[in-house]
Amino acid sequence: VFCSWERTITFTFLDQYGQGIPGVHAWLTNSDGILYDENITEENGQVIVKAPFNFKDPYTLRAEYKGFIIYNNELQKTIKKLNEQVDLELYDFSVTVTDTLGFPPGVGLTPLLVTSKDNKIIQLTPEGNEKGLYSFNDVLAGDYSLQINYGDFIDEIHVTVPETSSIIEMKFSAIFDLTIDLFDSKGNALADNTIEFVVSRDNRTVAQTKEKTVSLPPAQYTIYAYMKDALIAVKQVDLTNDKHLTVVTTVESLFPVILSMFLYALFGFFMILTLLKKFSLSSLLKCLAVLLIIMSFFQPWWLFTGSSTTVPAEKTTALYINPGMMIETIKYYGEISLNIAEMPDIFIMFLGAMLPVASLACFCLALGVILKKIQKKNYALILSIIAVVLLCFLLLSFYVGTTKLTETSIGAVQGEEALTTSIGSEDILLQSSWGFSSGFYFVFSAILVAALSLILDIRTRVMQKRKLLSLRS
């Protein structure tokens with residue numbers, strides 16, 4: 001057994017101004033690489049390590065600072081306490097980063113100071129970030145690569161310390177495409193090349209264009225859409241990659257109005273023919289059923305409305321089948337915003353199938369009117385029955401599907417209750433009511449009208465057979 005007294009070894013690490021360097025990690029090993037002691041410097045830059053005194057086995061002290069080996073030497077063999085001083089030159093500098101618009105980065109970034117030393121890659125991170133200003137403190141002299149990595153974008157410049165200026169300017173080159181998809185207030189795609197978009201960031205206009213795709217650096221933006229100088233939509237977006245932005249505007253489509261006027265006029269014409277006894281009452285009722293079904297395409301089938309008695313806030317959610325969308329309208333302190341509400345994919349597919357089924361019912365009714373006019377009454381009757389069955393199936397399916405959808409959100413397909421809703425940054429209590437709306441009841445009325453016309457057709461056929469039998473007898 002070898003016995004010896006303990007040897008105390010003190011090292012002090014100072015910068016060029018005589019200030020202690022905290023954070024230096026020191027390891028004391030023997031010639032076989034066996035670790036005897038380790039320690040880390042504090043504010044005074046001093047580190048103390050201890051080991052048994054041994055003349056035959058020299059010790060080596062290795063010290064690292066921020067990944068750099070700053071001392072790696074065999075220690076002097078002496079019975080005296082060892083007290084050594086190591087001087088280092090450390091430098092501070094700042095990096096100012098701006099994006100392609102000249103703004104500080106609108107997303108979180110961490111510039112890296114990278115170098116290769118002793119067959120390893122060393123990365124230094126900044127100690128602060130304030131509006132695009134990053135500080136690198138206590139950096140050893142040398143050549144470095146200053147890098148910014150964001151997604152697939154890499155920006156890199158060469159930096160020499162200490163020859164570099166105390167403030168380094170760097171450009172953040174990341175840029176993404178923002179494509180704006182416009183919809184009218186009912187959720188129909190809006191194709192209008194006269195709409196102008198004003199893109200704002202930090203209350204400053206950064207772009208003004210009529211193009212629906214604009215390239216911007218990542219950040220949070222506010223998009224204003226104008227039609228003939230009238231504001232039709234406001235939407236905020238966090239742009240962190242190429243993105244399609246759905247914007248629902250306050251624009252009302254004229255097509256439903258024009259189509260409704262045409263159908264009203266056509267129905268009025270058929271009424272006149274009916275009064276002149278050139279058109280049967282059952283055919284007129286079938287035309288009315290078709291009119292009601294087509295009108296339902298442009299009306300909400302389910303509607304939620306809520307308003308607050310304490311703050312100026314209102315919320316309306318309307319479910320349409322043409323297109324199959326749920327449009328959410330919020331009025332909050334005088335500002336109106338419209339959004340497409342999220343729905344399960346399977347329910348969206350279901351809504352997409354409703355329009356073809358309803359259109360097929362309309363076709364069957366219209367074709368039945370034509371066939372009856374050309375004395376194909378048997379086929380006309382069959383088509384009328386098919387139309388009524390399709391409409392009943394459509395209405396029942398919508399009832400079941402909407403019930404399942406609302407059970408997971410507000411609990412019931414129809415009701416009236418005070419509900420808490422998040423609007424803006426507030427949780428607001430809204431006096432709410434919800435349930436089936438005009439589109440649903442239009443189709444329900446169409447079923448009744450079509451069924452009545454079917455009853456009249458059957459009654460007419462029965463009376464004609466009775467009359468034919470009486471003539472034969």
Closest contact, heavy atoms only, [X] versus [Y]:
X: P323; Y: G187; result: CG-O, 3.1 Å
X: P104; Y: R201; result: O-NH2, 2.9 Å
X: I423; Y: A313; result: CD1-CB, 4.2 Å
X: K315; Y: T317; result: CE-OG1, 3.9 Å
X: L395; Y: V443; result: CD1-CG1, 3.6 Å

Distance check, rounded to the nearest 0.5 Å: [X] atom [atom1] versus [Y] atom [atom2]?
X: I327; Y: L303; atom1: CD1; atom2: CG; value: 12.5 Å
X: T316; Y: E328; atom1: OG1; atom2: CD; value: 9.5 Å
X: K331; Y: I336; atom1: NZ; atom2: CD1; value: 5.0 Å
X: S260; Y: F298; atom1: OG; atom2: CZ; value: 7.0 Å
X: N39; Y: H25; atom1: CG; atom2: NE2; value: 7.5 Å
X: L109; Y: D155; atom1: CG; atom2: CG; value: 9.0 Å

If you count every heavy atom of other residues, nucleotides or ligands that lies below 6.0 Å from [X] atom [atom1], does the total exceed 12?
X: F444; atom1: CZ; answer: no
X: E38; atom1: CD; answer: yes
X: E335; atom1: CD; answer: no
X: I346; atom1: CD1; answer: no
X: K404; atom1: NZ; answer: no
X: Q16; atom1: CD; answer: yes
X: K212; atom1: NZ; answer: yes
X: E74; atom1: CD; answer: yes

Will you find, in the side chains of [X] and [Y], an N or O donor that is under 3.5 Å from an N or O acceptor?
X: T98; Y: K171; result: yes
X: E64; Y: Y71; result: no
X: E156; Y: S145; result: yes
X: T305; Y: S433; result: yes

- May I ask you to decide whether D192 forms a salt bridge with K210, counting only side-chain N to carboxylate O separations under 4.0 Å?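 No, this pair does not count.
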Measure from the side-chain N and O atoms of [X] to the backbone N and O of [Y], and report whether any donor-acceptor pair falls under 3.5 Å.
X: D32; Y: I34; value: no
X: K120; Y: G67; value: yes
X: T41; Y: V24; value: yes
X: D184; Y: V251; value: no
X: D202; Y: R204; value: no
X: S432; Y: L430; value: yes
X: Y59; Y: P52; value: yes
X: W27; Y: T60; value: no
X: T100; Y: S173; value: no

Side chains of [X] and [Y]: does their closest heavy-atom pair fall under 4.5 Å?
X: L245; Y: L178; value: yes
X: P126; Y: F136; value: yes
X: L429; Y: T310; value: no
X: L319; Y: L351; value: yes
X: V400; Y: F350; value: no
X: I122; Y: S116; value: no
X: F11; Y: L61; value: yes
X: I48; Y: T8; value: yes

May I ask you to check whether F436 and Y399 place their ring centres under 6.0 Å from each other?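 Yes, the ring of Y399 comes within the 6.0 Å limit of the ring of F436, centre to centre.
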Next on the checklist: Centre-to-centre under 6.0 Å for F398 and W301, is that the case here?
Outcome noted: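 Yes, the ring of F398 comes within the 6.0 Å limit of the ring of W301, centre to centre.
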Donor-acceptor pairs under 3.5 angstrom involving side-chain atoms of residues 223-242: please list them, not counting sequence neighbours.
unit_1, atom_1, unit_2, atom_2, d
K235, NZ, N339, OD1, 2.6
D238, OD1, Q220, NE2, 3.2
D242, OD1, D177, N, 2.8

Checklist entry - So which of N137, I168, L133 actually passes side-chain contact (heavy atoms from CB on, under 4.5 Å) with S94? => result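 Per the side-chain contact (heavy atoms from CB on, under 4.5 Å) rule, the option paired with S94 is L133, out of N137, I168, L133.
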Derivation and outcome, side chain to side chain contact (heavy atoms under 4.5 Å, CB included), residues W434 and W302 = CA-CA 8 Å; W434 63 93; W302 185 88; 3.7 Å; yes
Just distance, no hydrogens or angles: give the donor-acceptor pairs under 3.5 Å from side chains in residues 85-93, sequence neighbours left out.
unit_1, atom_1, unit_2, atom_2, d
Q85, NE2, D87, OD1, 3.0
E89, OE1, Y91, OH, 2.6
D92, OD1, D138, N, 2.7

Subject >> Of all pairs that satisfy side chain to side chain donor-acceptor pair (under 3.5 Å), the ones with a partner from residues 409-424, not counting sequence neighbours >> reply: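 The answer is S422-D427.
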Practice item. Enumerate the residue pairs fulfilling side chain to side chain donor-acceptor pair (under 3.5 Å) with a member in residues 243-254, sequence neighbours excluded, ordered by first and then second residue. Key: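 Side chain to side chain donor-acceptor pair (under 3.5 Å) check on residues 243-254 returns D181-H244, S185-E252, K186-E252.
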Subject >> Intermediate values then yes/no, side chain to side chain contact (heavy atoms under 4.5 Å, CB included), L419 and I410 >> reply: CA-CA 9 Å; L419 300 175; I410 53 179; 4.0 Å; yes
* To do: Show your working on side chain to side chain contact (heavy atoms under 4.5 Å, CB included) between M295 and Y264 and close with a plain yes or no.
  => CA-CA 10 Å; M295 288 176 60; Y264 289 146; 3.1 Å; yes
Self-check item: Pairs flagged by ring pair (Phe, Tyr, Trp, His ring centres under 6.0 Å) wherever residues 169-199 is involved - sequence neighbours left out
Solution: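 Sorted pair list: Y150-F172, F153-F176.
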N188 vs F255, test: side chain to side chain contact (heavy atoms under 4.5 Å, CB included). Steps then yes/no. CA-CA 11 Å; N188 298 291; F255 177 72; over 6 Å; no
List, one per line, each side-chain donor-acceptor pair under 3.5 Å for residues 356-364, sequence neighbours excluded.
unit_1, atom_1, unit_2, atom_2, d
S359, OG, L355, O, 2.8

task = Show your working on side chain to side chain donor-acceptor pair (under 3.5 Å) between E314 and Y332 and close with a plain yes or no.
result = CA-CA 7 Å; E314 297 179 13; Y332 185 56; over 6 Å; no
